[in-house]
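Shown next, in structure tokens, is the structure this report addresses.
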Amino acid sequence: MLLGCIADDFTGATDLANNLVRAGMRVVQTIGVPDEDMRIDADAVVVALKSRTIEPEEATRQSLAALRWLQAQGAGQIYLKVCSTFDSTERGNIGPVAEALADALGADFVPVCPAFPENQRTVFKGHLFVGDLLLSDSSMRHHPLTPMTDASLVRVMQRQCRGKVGLVDHEVVRQGAQTIAGRMRALQAQGLRFGIVDAIGNEDLLSMGRAFAGLPLLVAGSGVAIGLPQNHGLMPSEAAARLPVIPGPKAVVSGSCSAASNAQVVDFLQRGGEAFAVDPLRLAAGEDVVRAALAWAAPRLGEQAVLVYATAQPEAVKAVQGRLGVEQAGAMIEEALSAIARGLVERGVRQLVVAGGETSGACVQALGIARMRIGVQIDPGVPWCHAASPVAGGEGLNLALKSGNFGTPDFFSKAFGTLAQ
Ligand code: ADP
């Protein structure tokens, strides 16, 4: 294993895996830290944790457990994957986890770069921009769990860790890998332990990738991934994305209420797709909606995908949340949709698209999936995967897990065509 990655959330892990595959690595994503004896054949493994907003001590404990497993597999370099908007609280968890990993690896200097210019996340003079706005002026300042009110990553990182944080600014980055490496050595000689690295375009990520060759640890969003496979002589290739394609009925389960998912449901219906709407109020009233959905789906399963969805417009979601409570409504619907996903696979579905980050987590759990091989990209950030599942048995199944706002309006129909190619 050339690269061992630790991601602080599930869809972020898939986003990273997708970029590594595009740049030529064969990648497996695991759900949590694998059992000690699990052996994986891949150039890179991404361990998906759910550690972004938990207590820093617990996030550190889980990340160190992931590190030990990756080291036991022979990982040559460790990549701590964080959000491209550097989502974190005042106490962490990026700083404490990065510092604990650096201590464990004996890493004297660690570069930090969340930039992903293709997705409008750039870092200039250590300040993070979302599109044309400073992070602190973007909608991220209102995030319910990790409000980001300071765009200076040097300051944000410094508040979270003991080691000193400096800057490798764009003036240096644009001169290429050797200059970047030289600046990192100079910062280290001055007693600094972390360096925020500027990037405003893909060429910066590629230079950075070369400069980071041989470092034990780096902290980054998914963008820097495009510059690492070149260090191992790997080039973009179709072979890296090759997956087993499992023939069988197709289905989509959508629990995301984001604007993109709403548009995708409308598009699917307009094309004449068959769909079953899950009504949260009937669920709350104790009706067996799971059974009803599966009874509806069973005679329709086949070549044409069926859709089961709870996706609704913001006003409808607010009304449901007002009646049932935000968390209760979310958990109840996730449970129902994941039971439906499981039932669909029991009834033969082998190509399954799930929309929604939390919904995907619940479905993967209900299907007993421990790891997924990452294949071809459908839309940025969303690849097809292949996984073994005790529910599917046999050759396993193909899955695509779409976080809320990803994908074009025709995603639910075009996804299956991408897999067939
Ligand atoms: P996204 O990736 O778009 O954020 P998630 O699956 O992470 O999607 O989150 C959507 C949440 O909304 C889930 O907890 C889901 O159960 C809940 N939900 C889905 N449909 C409805 C609805 N009609 N009313 C209220 N909540 C809903």
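Both ligands and their constituent atoms are indexed starting at 1 by order of listing. Note: hydrogens, waters and symmetry copies are ignored here, and every other heavy atom, side chains too, is used. Position 1 is the first residue of the sequence, and the numbers go up from there.
- Between Val317 and ligand 1, not a single N/O pair is under 3.5 Å apart.
- Of all non-hydrogen atoms in Pro216 and Leu105, the two that sit nearest each other are O-CD1, 4.0 Å.
- Heavy-atom proximity to Ser256, at under 4.0 Å, picks out these atoms of ligand 1: 1 (P), 3 (O), 8 (O).
- Within the listing of ligand 1, atoms 18 (N), 19 (C), 20 (N), 21 (C), 27 (C) sit less than 4.0 angstrom from a heavy atom of Cys257.
- For ligand 1, the polar-atom distance check finds an N/O of Gly357 within less than 3.5 Å of one of the ligand's N/O atoms.
- Distances between N or O atoms of Ala310 and those of ligand 1 include at least one value under 3.5 Å.
- Which parts of ligand 1 touch Gly330 is read off a 4.0 Å heavy-atom cut-off, strictly below it: atoms 14 (O), 16 (O).
- A salt bridge links Arg342 with Glu346: the closest approach of a Lys/Arg side-chain nitrogen to an acidic carboxylate oxygen falls below 4.0 angstrom.
- Among all protein heavy atoms, the one lying closest to atom 8 (O) of ligand 1 is Gly356 CA, 3.3 Å.
- Using a 4.0 Å threshold on non-hydrogen atoms, atom 2 (O) of ligand 1 counts as touching the protein.
- Shown are Asp41, Val21, Leu2; of these, the side-chain contact (heavy atoms from CB on, under 4.5 Å) with Arg26 is made only by Asp41.
- Counting atoms of ligand 1 from 1 in the listed order, those under 4.0 Å from a heavy atom of Ala312 are 23 (N).
- The residue among Leu281, Ile333, Thr11, Leu337 with a heavy atom at the shortest distance from atom 18 (N) of ligand 1 is Ile333.
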Query raised in the report: When you look at Arg52 and Cys83, which way does the side chain to side chain contact (heavy atoms under 4.5 Å, CB included) test go after all the steps?
Result: CA-CA 9 Å; Arg52 186 169 294 168; Cys83 188; 3.5 Å; yes

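- Aromatic ring pairs are classed by plane angle as parallel below 30°, tilted from 30° to 60° and perpendicular above 60°; the pair His170 and Phe124 is tilted.
- In this structure the side chain of Phe411 reaches within 4.5 angstrom of the side chain of Val382, judged on heavy atoms.
- Remark: ligand 1 atoms within the under-4.0 Å shell around heavy atoms of Glu358 are 5 (P), 6 (O), 7 (O).
- Protein heavy atom in closest approach to atom 13 (C) of ligand 1: Glu334 OE2, 3.4 Å.
- Judged by the shortest distance from any of its heavy atoms, Pro280 lies inside the 4.0 Å radius around the atoms of ligand 1.
- Two residues are said to be in side-chain contact when any heavy atoms from C-beta on lie closer than 4.5 Å; Glu99 and Gln160 fail this criterion.
- Considering Val353, Val345, Leu352 in turn, Leu352 is the only one that fulfils the side-chain contact (heavy atoms from CB on, under 4.5 Å) rule with Leu399.
- Scanning the protein for heavy atoms near atom 6 (O) of ligand 1, the closest one is Thr359 OG1, 2.6 Å.
- Close approach to Gly404 involves these atoms of ligand 1, each under 4.0 Å from a residue heavy atom: 1 (P), 2 (O), 3 (O).
- With respect to atom 15 (C) of ligand 1, the closest heavy atom belonging to the protein is Gly255 O, 3.5 Å.
- Shown are Leu397, Val245, Leu344, Asn398; of these, the side-chain contact (heavy atoms from CB on, under 4.5 Å) with Arg350 is made only by Leu397.
- Of all the heavy atoms in Ala17 and Val27, the pair that sits closest is CB-CG1, 3.8 Å.
- Residue Ser261 places every heavy atom at 4.0 Å or more from ligand 1.
- Here the side chain of Asp8 pairs no donor or acceptor atom with the backbone of Ser51 at under 3.5 angstrom.
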